[in-house]
Amino acid sequence: MKNKYILCLAALVASVAITGCYDLDRFPQQQLSPGTFWKTEEQAKQAVNACYSAMRNNELYSTYFGMDCLSDIGFGYDAKGYWDISRGLWTPRTSAVRNRWKDTYDAIRRTNEVIRNVQSMEIDETVKIQTIGEAKFLRALFYFFLMNHFGGVPIYDEKTDYNADYMNLLNPRSSLEETRTFVMGDLEDAISALPVKWPDADKGRATKGAAFSLRGKVYLYAKEYAKAAADFEEVVLDPAGQGYGYALYPEYADLFTTKGHRSSEMIFSIQTFSEIGNGLGMPYAHFLGSNATLGTSWNNVMPSCDLVDMYECKDGKPFKWDDFIPGFSESEEVRLKTLRATLSADKTTVAAYPEYRDQLLAMYDRRDPRMQQTIILPYTHYLGLIGGKNKDTEFVYAAGVTTTNGFVVVNRYNNGMNYLYLFRKFVPRGDENGTIPSTYRSNIPIDFPIIRYADVLLMLAECYNEEGRIEDAVKYINMVRSRPSTNLPGINSGPDWLEARTKESVFERIRHERAVEFPAEGLRYYDLKRWGLAKEVMNNRDIKDIMGSVKYTTKFEDKDYLWPIPGDEIDKNPQLKQNPGWE
């Protein structure tokens, strides 16, 4: 109940007390008055709760999972502007660009208000230090978010008086290095201020381990591998016996449900809850779900066929369709015999399943288990919510399939004849035991991971590999692969196809493992960019369905490694300089 109370306060403070967009043309209509607020410990907590709530800003982390649409593992239409971005049809005036800048600076403003005002509050010193530490952690997270899109950005800190200076926020861009230094300073302060663990009533707040993990990630993105490794080792090895207690959760699929979303694997995540009449959740159902999800959803964000084919066999061998269904890769006839069904005359049942359906289902069971745990595959089942009632549905490729008749339908193509996959990960099943009414598709009470332990393990492996510590790198890759519900053979454990003993081959293993471990978590796009591989992977890439039909072709040019500075921000602030190629 306390977590719900915290979240409700966050919503209240965010919507009433610290409201206001990052809009230089308007003075904020509502302010927190020092005469009535910033007096008690409870008010300090309310204010920092509003900073956590800002993570749900539309272009901050609300649909971060959709960033996969800009990479090789995602596929989507009209997903928060990613559809146009992925095809190169974007400009400095694109709404996603403008809102990403605006929504993030709105979140930064909230953290600055907390740091500025809590410093002078006459409250318990421990509460004051920890509250400021939380705000600095979040400010670092938000500036790091901006860096990963725009490069160096204008820095506004707690010395900014938004009441007095709201019309004059006209700082020039700091360099990338200056922005990174600012982020590092905040994280240094957060590490000193934050506890290793919070009491149960305050779980979900930023911790010392989260600050170390985020700082390690900032170092990693800057290719400072030794420093990054040291921070990750703090979390993984706990050399001083701090008692971080992070561990891989045994059941991968449950991490993305209410059963395991608050386990010891979650280092930092967006906290959620949902109930009839209220809720602070995530819009997974709306963007990831199908028409069978909570009555109707849009599946704007889908897994790519490339992602599905990345999942290796249970013996670690790379997957090839023809090893299971001979001729699949070359013959359209074979693919149709594998995928296409025929419905009964009244369209309520399957009259004839594909000839090779049994081989298809057998193939699923011989693959990396994360595939079935992440993706709704053809001729598998999903618990939907139809007509307000839980109903078992089947994902069938056939003309005339409808959700009302018990079939999963790709909403973008309601004739059922486009051969695409859907996400299972994060998508609610039925009404989740009565916790989600059908009208609350944007309030799914499943926490969204910003940093989880598997990510830290693979980032540590990457650091070791860059330092030439091949065996140590392989150790942590294998740790993720050996999660009980995954249970894949370790790298270098036998057959030739498991061999990886050079820096290059181990990097390919890390690249693969991150692709299949983190779908719908928004990390792939940023990985490809920081590795310098985004153009190679995403320029002129044909996005195809399972039958091989091209749906669209992606575009990624050198200029796309940095997003454009929003045009309207440059209009307001002539000191802002545009990124190369976007002038």
Side-chain angles (χ1 to χ4, degrees), residues 18-32 47-48 50-51 54-55 57-60 91-120 132 135-190 214 218 221-222 559 561-583:
I18 310 185
T19 191
C21 297
Y22 183 76
D23 186 342
L24 298 181
D25 292 333
R26 294 185 302 170
F27 191 85
Q29 296 179 354
Q30 296 169 322
Q31 305 168 28
L32 291 178
V48 81
C51 301
M55 290 191 290
N57 284 356
N58 284 336
E59 283 297 338
L60 197 44
T91 73
R93 304 284 176 176
T94 296
S95 61
V97 174
R98 180 178 66 251
N99 292 333
R100 185 142 302 189
W101 180 282
K102 176 179 68 67
D103 286 354
T104 309
Y105 271 109
D106 171 70
I108 289 168
R109 183 173 74 88
R110 298 186 192 189
T111 62
N112 284 335
E113 292 281 13
V114 170
I115 298 166
R116 175 185 176 86
N117 287 283
V118 172
Q119 286 175 340
S120 59
I132 293 173
K136 287 194 172 185
F137 170 85
L138 291 167
R139 187 170 69 180
L141 178 68
F142 300 148
Y143 271 114
F144 183 54
F145 185 84
L146 284 174
M147 284 169 51
N148 287 330
H149 293 89
F150 302 102
V153 295
I155 294 175
Y156 300 97
D157 63 13
E158 68 274 11
K159 294 186 293 293
T160 305
D161 185 344
Y162 289 90
N163 292 335
D165 301 331
Y166 196 77
M167 300 293 290
N168 299 297
L169 299 179
L170 301 174
N171 287 357
R173 294 178 65 180
S174 296
S175 68
L176 178 62
E177 188 55 42
E178 289 169 338
T179 308
R180 184 182 294 114
T181 298
F182 182 81
V183 168
M184 290 299 189
D186 270 357
L187 289 173
E188 184 71 27
D189 291 346
L214 180 56
V218 178
Y221 276 44
K559 69 175 183 178
Y561 277 100
L562 288 178
W563 285 34
I565 304 300
D568 55 349
E569 295 296 333
I570 292 178
D571 292 343
K572 298 169 188 174
N573 182 2
Q575 294 196 81
L576 295 179
K577 302 302 180 184
Q578 187 56 273
N579 279 322
W582 292 102
E583 293 86 352

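Both backbone and side-chain heavy atoms feed into the values below; hydrogens, waters and symmetry mates do not.
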With sequence neighbours left out, write down each residue that passes salt bridge (charged side-chain N to carboxylate O under 4.0 Å, His left out) with [X], or none if nothing qualifies.
X: R180; result: E177
X: E178; result: none
X: R100; result: E59

Going by the rule side chain to side chain contact (heavy atoms under 4.5 Å, CB included), which residues pair with [X] if we only count those two or more places apart in sequence or in a different chain?
X: N57; value: A54, L60, D103, D106, A107, R110
X: Q578; value: P92, P564, I565, I570, W582, E583
X: T94; value: W90, T91, A96, V97

Under the side-chain hydrogen bond (donor to acceptor under 3.5 Å, both in side chains) test, which residues partner [X], sequence neighbours left out?
X: N579; value: R173
X: R116; value: D161
X: N171; value: none
X: E188; value: R215

- Is the side chain of N573 donor-acceptor paired with the backbone N or O of E569 at a distance under 3.5 Å, no angle test? no
- Query: Under 3.5 Å, side chain of Y156 to main-chain N/O of L169, donor-acceptor pair present?
  - Reply: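 Side chain of Y156 to backbone of L169: a pair is present.
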- Task: Could you check if a side-chain atom of Y105 sits within less than 4.5 angstrom of a side-chain atom of Y143, using non-hydrogen atoms only?
- Result: yes
- Message: Counting C-beta onward and ignoring hydrogens, is there a side-chain heavy-atom pair between H149 and T104 closer than 4.5 Å?
- Response: no
- Task: Calculate, to the nearest 0.5 Å, the distance between atoms CG and CZ belonging to L576 and F150 respectively.
- Result: 11.0 Å
- Item | Atom pair CG (L187) and CG (L214), whose distance is rounded to the nearest 0.5 Å | 4.5 Å
- Task: Sorted by first residue and then second, give each salt bridge (charged side-chain N to carboxylate O under 4.0 Å, His left out) pair with at least one member in residues 135-145; sequence neighbours left out.
- Result: K136-D189, R139-E158, R139-D186
- Task: Can you tell me which residue pairs pass the salt bridge (charged side-chain N to carboxylate O under 4.0 Å, His left out) test with a partner in residues 142-153, sequence neighbours excluded?
- Result: none
- Task: Could you verify whether a donor N or O on one side chain and an acceptor N or O on the other, from N148 and Y221, lie under 3.5 Å apart?
- Result: no
